[in-house]
A.B. asks: 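Please see the structure below; I have some questions.
So you know, we letter chains A, B, ... as the sequences are listed, proteins then strands, and number each from 1.
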Amino acid sequence: MVKKLFKYEWISGRRFIVPLSLVVLGLAVLGRLVYLFDPSEISFVPLSIVLSLSQGLVSFFNVLGVGALFIVSEIMLIIRFYRNIVGQEGYLTMTLPVTPGTHVLVKTVFSVIVSLWNVIVSACALLILGIGTNVEMEILNDLYFAASSIIESLGAVNFAFYIVEGFIALVALFFFQFSLLYACISVGQLLKKHRVLGAVLAYIAWYLFTQILGLIFTFSMFFLEGPIETLFDIIVQGPAFWLHASIVFFILLYAALSLAFFAISRHMLTKKLNLE
Amino acid sequence: MSDLILETRALSKRYQKVGAPALWNVDLEVRKGRIVGLLGPNGSGKTTLIKMIAGLLTPTSGELLIDGKAPGTETKAIVSYLPDHNFLTGWMTVEDTINYHADFFADFRRDRALDMTGRLGLDLRQKTKTLSKGNQEKLELILCMSRDAGLYLLDEPIAGVDPATRDYILQTILSNYTENSTVLISTHLIADVEPALEDVIFLREGRILLQSTVDDIREKEGKSVDEYFREVFKW
């Protein structure tokens, strides 16, 4: 059943994933073609101006395309969840011989896969723009050099290890993000009317909760001056370990929160389903 | 093996902590192979009961068994549910929708669905959102009745459709259900479904008022089910 659920997530998702990806990659190819020419080497001034403007526009649309790729995908995934689970389609979806937990899990995993796919497409677009040119490759080289210098200065030995760790943290972040959104929708559907507003309010409530926690943490810094200084000294003595420990901490935190939000969604859709 | 497809014991459903319950202390026994009318005025709890059997709602208290099992993935596999809402996915074509059902329900008969859509003249490549309301309802009924389910739950299948479509729907129900399957039809258009019914359940304000065979009502009361219903639920 899980395989079939993924199949239909893909059938639904490909309607926007494929065109969006093609647009982003197409814009990158167009950008690469436009950047083949150097406006300063063209003696005919009007043409040089048009080329400069084109380069600016293409760069702008490249950035816009990558932004749209992430934002539109996320919106489409949220709409899909809402309609398919708590909207009218839910009358069929929730009577399939599948548990509500499986539905939520499959949709969350699929959303994470789409987000990772978007990262890959964006990276490919950047590479296409950089093929054979100095500008973009220089930026990439500089970025790599800066990152590896920081890692080396911290005393770390394996840069690839941090890449893997960072990737796992990114996956955990995506899981957290979609589990949170789907939990908010599952809470919002409890309302008879204004269910979308209910979901938004649930999200705002979570946001406020984290802000209050952040404030409490910040204020506690003032009162814990001594221990904070000791902690800072410990961090300075072994920065690589602490960088590693922070990434692991965030991975575990996101994983724990994802599980908690998943449990909320599952409970709401099993015990308190309220279809339109 | 039990002869019962559906049993409820002291089944209750409350949507809110205060106010009247949607269903209260419902005791029911429905045998296999019967066509049962779930009858009652608006707000009597028909849809709530059907949704609980379909696994969309959880009872507040009491017990609900479908073929001896509590609602879950096993019972969903043998229950074919036709809600009173449009459940079609708009971007899917008629064929996609049929394939979707065939993928998830082991008892779905694709050939039967294709045969019925063909007879109705539905274009398999047409997106469901572009179908007329009547054709959407017919497609939903086809999807529901193309399963060899143990229990069919039909929530107001003939409400809001023209008389010709009404006849088609009733004919489809009668020609597709088998001896081992049970059909539970919720409606307040009793006269239209009465010829097909074998048993009836009267619901009022979330309580069972009567559970009887159609023959018993005719024999004891000397009235049709429709006439008796009008008498019982007279304002």
A.B. asks: Side chain, backbone, both or neither: which part of A:T270 has an atom under 4.5 Å from a heavy atom of chain B?
C.D. replies: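 For A:T270, backbone heavy atoms alone lie under 4.5 Å from chain B.
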A.B. asks: Considering residues, nucleotides and ligands other than B:Q126, do more than 12 of their heavy atoms fall under 6.0 Å from its CD?
C.D. replies: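 Check passes, neighbour count above 12.
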A.B. asks: Can you tell me how far the OH atom of B:Y100 sits from the NZ atom of A:K7, to the nearest 0.5 Å?
C.D. replies: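 Result: 11.0 Å between the selected atoms.
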A.B. asks: Among A:K271, A:R15, A:K4, A:M1, which residue has the highest count of heavy-atom pairs closer than 4.5 Å to chain B?
C.D. replies: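 Top option by heavy-atom pairs under 4.5 Å: A:R15.
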A.B. asks: Under 4.5 Å, counting heavy-atom pairs only, tell me which of A:L269, A:V98, A:T102, A:T93 racks up the most with chain B.
C.D. replies: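 Between A:L269, A:V98, A:T102, A:T93, the count favours A:V98.
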A.B. asks: So for B:Y15, is it side chain, backbone, both, or neither that comes closer than 4.5 Å to the heavy atoms of chain A?
C.D. replies: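 B:Y15 has no heavy atom closer than 4.5 Å to chain A.
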A.B. asks: Determine whether more than 12 heavy atoms belonging to other residues, nucleotides or ligands lie under 6.0 Å from atom CZ of A:R266.
C.D. replies: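 Check fails, neighbour count at 12 or below.
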A.B. asks: Give, for atom CD of A:E89 and atom OG1 of B:T89, the distance between the pair rounded to the nearest 0.5 Å.
C.D. replies: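 So the CD of A:E89 and the OG1 of B:T89 are separated by 3.5 Å.
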A.B. asks: More than 12 heavy atoms of other residues, nucleotides or ligands under 6.0 Å from CD of B:E205: yes or no?
C.D. replies: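 Atom CD in B:E205 is not crowded, with 12 or fewer foreign heavy atoms closer than 6.0 Å.
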A.B. asks: Does atom NZ (A:K272) have a neighbourhood of more than 12 heavy atoms from anything else shown, all under 6.0 Å?
C.D. replies: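 It does not: A:K272 NZ has 12 such atoms or fewer within range.
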A.B. asks: Under 4.5 Å from any heavy atom of chain A, what part of B:D84 do you find: side chain, backbone, both or neither?
C.D. replies: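 Contact with chain A is absent: no heavy atom of B:D84 under 4.5 Å.
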A.B. asks: Please rank B:L143, B:L56, B:T58, B:T75 by heavy-atom pairs under 4.5 Å with chain A and give me the top one.
C.D. replies: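 Most heavy-atom pairs within the cutoff with chain A belong to B:L56.
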A.B. asks: Tell me, side chain or backbone of B:F104 under 4.5 Å from chain A's heavy atoms, or both, or neither?
C.D. replies: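 Both parts, backbone and side chain.
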A.B. asks: Side-chain contact test, heavy atoms from C-beta onward, threshold under 4.5 Å: evaluate it for B:F87 versus A:Q88 and give yes or no.
C.D. replies: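 Of all side-chain heavy-atom pairs linking A:Q88 with B:F87, none is under 4.5 Å.
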A.B. asks: Roughly how far, to the nearest 0.5 Å, is the OG1 atom of A:T95 from the CD1 atom of B:I53?
C.D. replies: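 Here the interatomic distance stands at 13.5 Å.
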A.B. asks: Nearest 0.5 Å, please: how far is OG1 in A:T99 from NZ in B:K76?
C.D. replies: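 Reported value, rounded in 0.5 Å steps: 8.0 Å.
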A.B. asks: Atom CZ of residue position A:R83 - does it have more than 12 heavy atoms of other residues, nucleotides or ligands inside 6.0 Å?
C.D. replies: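 No, CZ of A:R83 has 12 or fewer neighbouring heavy atoms, counting only those of other groups under 6.0 Å.
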A.B. asks: If you count the non-hydrogen atoms of other residues, nucleotides and ligands that lie under 6.0 Å from CZ in A:F250, is the total more than 12?
C.D. replies: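 Not buried by this count: 12 neighbours or fewer within 6.0 Å.
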A.B. asks: Side chain, backbone, both or neither: which part of B:L57 has an atom under 4.5 Å from a heavy atom of chain A?
C.D. replies: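 For B:L57, side-chain heavy atoms alone lie under 4.5 Å from chain A.
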A.B. asks: With side-chain hydrogen bond (donor to acceptor under 3.5 Å, both in side chains) as the test, would you mind laying out the steps for A:Y8 and B:D103 before giving the verdict?
C.D. replies: CA-CA 10 Å; A:Y8 282 96; B:D103 265 349; 2.8 Å; yes
A.B. asks: Given a strict heavy-atom distance threshold of 4.5 Å, which part of B:I78 is in contact with chain A: side chain, backbone, both, or neither?
C.D. replies: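 Neither part; nothing is under 4.5 Å.
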A.B. asks: May I ask you to test the B:D155-A:Y91 pair for a side-chain heavy-atom distance under 4.5 Å?
C.D. replies: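 Heavy-atom side-chain distance check fails, nothing below 4.5 Å.
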A.B. asks: Could you report the tightest heavy-atom contact between B:T73 and A:P97, atom names first, then the distance?
C.D. replies: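 Residues B:T73 and A:P97, closest heavy atoms: O-CB, 3.5 Å.
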A.B. asks: Heavy-atom count check: over 12 atoms from other residues, nucleotides or ligands less than 6.0 Å from A:F6 CZ?
C.D. replies: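 Counting neighbours around CZ of A:F6, more than 12 heavy atoms of other residues, nucleotides or ligands fall under 6.0 Å, so yes.
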A.B. asks: State the CG-CG distance between B:N86 and A:L92, to the nearest 0.5 angstrom.
C.D. replies: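 Here the interatomic distance stands at 10.5 Å.
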A.B. asks: Would you indicate whether A:W117, at its atom CH2, is surrounded by more than 12 heavy atoms from other residues, nucleotides or ligands within a distance under 6.0 Å?
C.D. replies: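 Not more than 12 within 6.0 Å, no.
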